[in-house]
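For reference, the structure is listed below as structure tokens.
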Amino acid sequence: MQITIHNKQRKYDSEQLQNQVEEALQSTFTYLPVLEELKTEFEIDFSVDVSFVSKNAIRELNREHRGIDKATDILSFPAFEWNDGRLEEDISSWLPPVADEIPLLSLGDLMICLEVVDKQAGEFENTLEEELFFLVVHGALHLLGYDHESVQDEQKMKYLQEKIISGDPAVRLLPSGYAVLAGRPNVGKSTLLNHLSGMTLAITTPKPQTTRDLIRSVYNDETCQIAFLDTPGFHTAKTSLGRAMLKSTRAAIRQADVLLLMIEATYKPLVAALEKEILKMAAEDETPVILLINKSDIVVKENILPLIAVYSEAYPFEAIIPISAAKGDGVEDMLEEIKKHLPIQEPLFKEGEETNVTERKLSEELIRREVLLQTQQEVPFGVAVTIDEFTEETEPPEARRVYIAASILCDKPSHKGILLGRKGQMIKSIGTKARSAISDMLEAKVHLELYVKVRQNWMNRPQDLAALGLDAKKVELP
Ligand SMILES: Nc1nc2c(ncn2[C@@H]2O[C@H](COP(=O)(O)OP(=O)(O)O)[C@@H](O)[C@H]2O)c(=O)[nH]1
Ligand SMILES: [Mg+2]
């Protein structure tokens with residue numbers, strides 16, 4: 001960063017104050033990672049020009065550019081179009097076609113009237129240096145498109161100023177926020193979430209309505225933090241459970257920073273009512289939407305084109321990306337695109353907070369997965385699993401050992417018979433497979449005991465749903 005200070009006044013000893021200006025600019029620009037990223041991407045460096053001007057001069061500038069015939073403390077003149085710390089124009093056209101040395105791009109000018117700054121310092125009981133530091137940070141933020149036109153904008157700017165001035169080096173601001181996966185049941189939302197986390201956080205099956213609540217998987221790299229949220233598929237709800245699932249899905253969609261609408265490459269080329277409904281919510285909230293066309297591995301590329309055509313006609317997507325959640329194709333492109341639309345803020349989650357799924361919860365889900373896979377018709381959808389005991393041998397030998405007792409709740413007495421099977425064959429088979437999956441997940445020796453219980457109509461009973469953590473009275477994002 002090249003900072004040039006022009007002294008055009010004679011009342012104050014400017015040498016002394018120059019360091020203050022430089023330090024304030026450096027603090028601001030190192031706090032916000034965007035300039036570093038642009039520097040690396042375009043192999044450039046930035047400059048800023050700061051002028052100390054007289055009271056008359058700043059009054060003149062203020063009148064000319066803002067229509068206010070009054071002296072003021074500082075004026076910022078950004079060279080580029082920015083919005084909240086995000087560059088809104090293509091700077092490549094400003095770069096020389098061939099460069100011997102690293103090109104220098106000006107971010108703009110700051111005009112400062114020390115006389116006014118000094119007077120204000122007195123009013124706020126600050127030293128001139130403190131007041132100058134504060135104002136330069138404020139002006140530098142203006143150069144990057146921050147403003148205080150709305151109340152929210154003003155709060156954001158204030159917050160940034162405080163952070164920069166307090167010199168808190170622990171937090172870096174990054175594109176960071178919620179990317180919510182929405183779409184019909186069975187399109188592959190959970191598969192994508194698992195791919196991103198590198199492990200099973202959400203169970204997946206070929207059956208719809210496998211996912212029942214909101215599942216978080218946080219993706220972190222040097223440049224961003226994306227909190228992916230898996231949602232229960234958008235469907236028509238017939239029970240209280242169904243309505244709760246829908247409510248949490250809607251809440252997640254409405255609070256998304258970026259919405260990922262997922263469809264399948266095998267769909268007919270038309271935008272159906274359900275996708276329209278999701279897009280309507282996004283449009284109302286002005287949430288950026290990326291269309292993910294999943295399972296691109298099972299269709300011929302040309303077949304996706306008509307789908308892309310009708311969707312791009314129907315909605316102004318930020319991007320349309322064919323992916324394969326199962327194979328990981330297109331996932332890098334998706335990450336890059338999401339990053340562009342996240343707010344620049346303090347990362348929402350710390351290390352160790354990557355997911356809201358506990359080992360206990362996942363054990364439940366792995367048992368339910370076996371029920372979904374091994375039973376037919378309405379049985380699997382009326383099943384819930386509770387873990388009644390989850391204990392670990394406190395002094396493990398070499399290997400970890402976990403004892404789990406769980407109940408499979410079913411909706412009807414006839415379902416209990418099916419779940420037990422002839423001579424208990426079904427429950428045995430579910431137990432064997434689930435135990436093996438839980439054992440892999442926990443990297444432990446697992447002893448699993450399963451019980452089948454009838455809890456008629458539990459899907460419509462508020463107490464039962466609350467006990468299972470599946471009610472949605474008040475939905476907060478995990
Ligand atoms: N061929 C293929 N199958 C996939 C892909 N993604 C998901 N699936 C399968 O689609 C089914 C539903 O996936 P799931 O993630 O449970 O869907 P969700 O209901 O949207 O969460 C599962 O059988 C997955 O294995 C993909 O990219 N390619
Ligand atoms: Mg799912």
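All values derive from a computational prediction rather than experimental measurement. Just follow the structure's listing: the first ligand is 1, and inside any ligand the first atom is 1.
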Query raised in the report: Would you call Glu392 and Arg400 a salt bridge, using N to O less than 4.0 angstrom?
Result: yes
Query raised in the report: N/O/S atom of Ser190 under 2.8 Å from the Mg ion (ligand 2), yes or no?
Result: yes
Query raised in the report: Got an N/O contact under 3.5 Å between Ile323 and ligand 1?
Result: no
Requested in this report: Pull out every atom of ligand 1 sitting under 4.0 Å from any heavy atom of Ile298, numbered as shown with elements.
Outcome: 1 (N)
Query raised in the report: Think Arg216 forms a cation-pi with Tyr178, using NZ or CZ under 6.0 Å from the six-ring centre and within 45 degrees of its axis?
Result: no
Requested in this report: Tell me which one of Pro185, Gly188, Ala265 gets a heavy atom nearest to atom 17 (O) of ligand 1.
Outcome: Gly188
Query raised in the report: Any luck finding a side-chain donor-acceptor pair between Thr266 and Lys295 under 3.5 Å?
Result: no
Query raised in the report: Hey, are Arg184 and Glu275 close enough for a salt bridge, meaning a charged N less than 4.0 Å from a carboxylate O?
Result: yes
Requested in this report: Kindly confirm or rule out an N or O of Lys327 lying under 3.5 angstrom from an N or O of ligand 1.
Outcome: no
Report task. Consider every N or O of Ala326 and every N or O of ligand 1, then say whether any pair is closer than 3.5 Å. Result -> yes
Query raised in the report: Looking at ligand 1, does any of its N/O atoms fall within less than 3.5 Å of an N/O of Asp230?
Result: no
Query raised in the report: Is it true that the side chains of Ser324 and Asp297 contain a donor and an acceptor less than 3.5 Å apart?
Result: yes
**Report entry** Of the listed options Pro322, Pro206, Gly183, closest to atom 23 (O) of ligand 1 (non-hydrogen atoms)
**Finding:** Pro206
Query raised in the report: To which protein heavy atom is atom 22 (C) of ligand 1 closest, and what is the distance rounded to 0.1 Å?
Result: Thr205 O, 3.6 Å
Requested in this report: Give the atoms of ligand 1, by number and element, whose distance to some non-hydrogen atom of Lys189 is under 4.0 Å.
Outcome: 15 (O), 17 (O), 18 (P), 19 (O), 20 (O), 21 (O)
Report summary line: Near Asp297 (heavy-atom distance under 4.0 Å), the atoms of ligand 1 are 1 (N), 2 (C), 26 (C), 27 (O), 28 (N)
Requested in this report: Considering the heavy atoms of Ala325, write down every atom of ligand 1 situated less than 4.0 Å from one of them.
Outcome: 6 (N), 27 (O)
Query raised in the report: For the Mg ion (ligand 2), does an N/O/S atom of Thr204 lie at less than 2.8 Å?
Result: no
Report summary line: Looking only at non-hydrogen atoms, the one of Asn186, Leu192, Thr210 nearest atom 11 (C) of ligand 1 is Asn186
Requested in this report: Look at the rings of Phe317 and Tyr311 and say which category their plane angle falls in: under 30° parallel, 30 to 60° tilted, over 60° perpendicular.
Outcome: tilted
Report summary line: Nearest non-hydrogen protein atom to atom 25 (O) of ligand 1, with distance, is Thr191 OG1, 4.4 Å
Report task. State, without any angle test, whether Ser190 and Thr211 hold a side-chain donor-acceptor pair at a distance under 3.5 Å. Result -> yes
**Report entry** Nearest protein heavy atom with distance in Å, relative to atom 6 (N) of ligand 1
**Finding:** Asn294 ND2, 3.2 Å
Query raised in the report: Ion pair present between Asp440 and Arg435, side-chain N to carboxylate O less than 4.0 angstrom?
Result: no
Query raised in the report: Any salt bridge between Glu277 and Arg250, counting N to O under 4.0 Å?
Result: yes
Query raised in the report: If you measure from the Lys or Arg side-chain nitrogens to the Asp or Glu carboxylate oxygens, is any gap between Lys39 and Asp45 under 4.0 Å?
Result: yes
Query raised in the report: Can we say Arg360 and Glu364 salt-bridge, meaning some charged N sits less than 4.0 Å from an Asp/Glu carboxylate O?
Result: no
Query raised in the report: Which heavy atom of the protein is the closest neighbour of atom 8 (N) of ligand 1, given with residue, atom name and distance?
Result: Lys295 CE, 3.6 Å
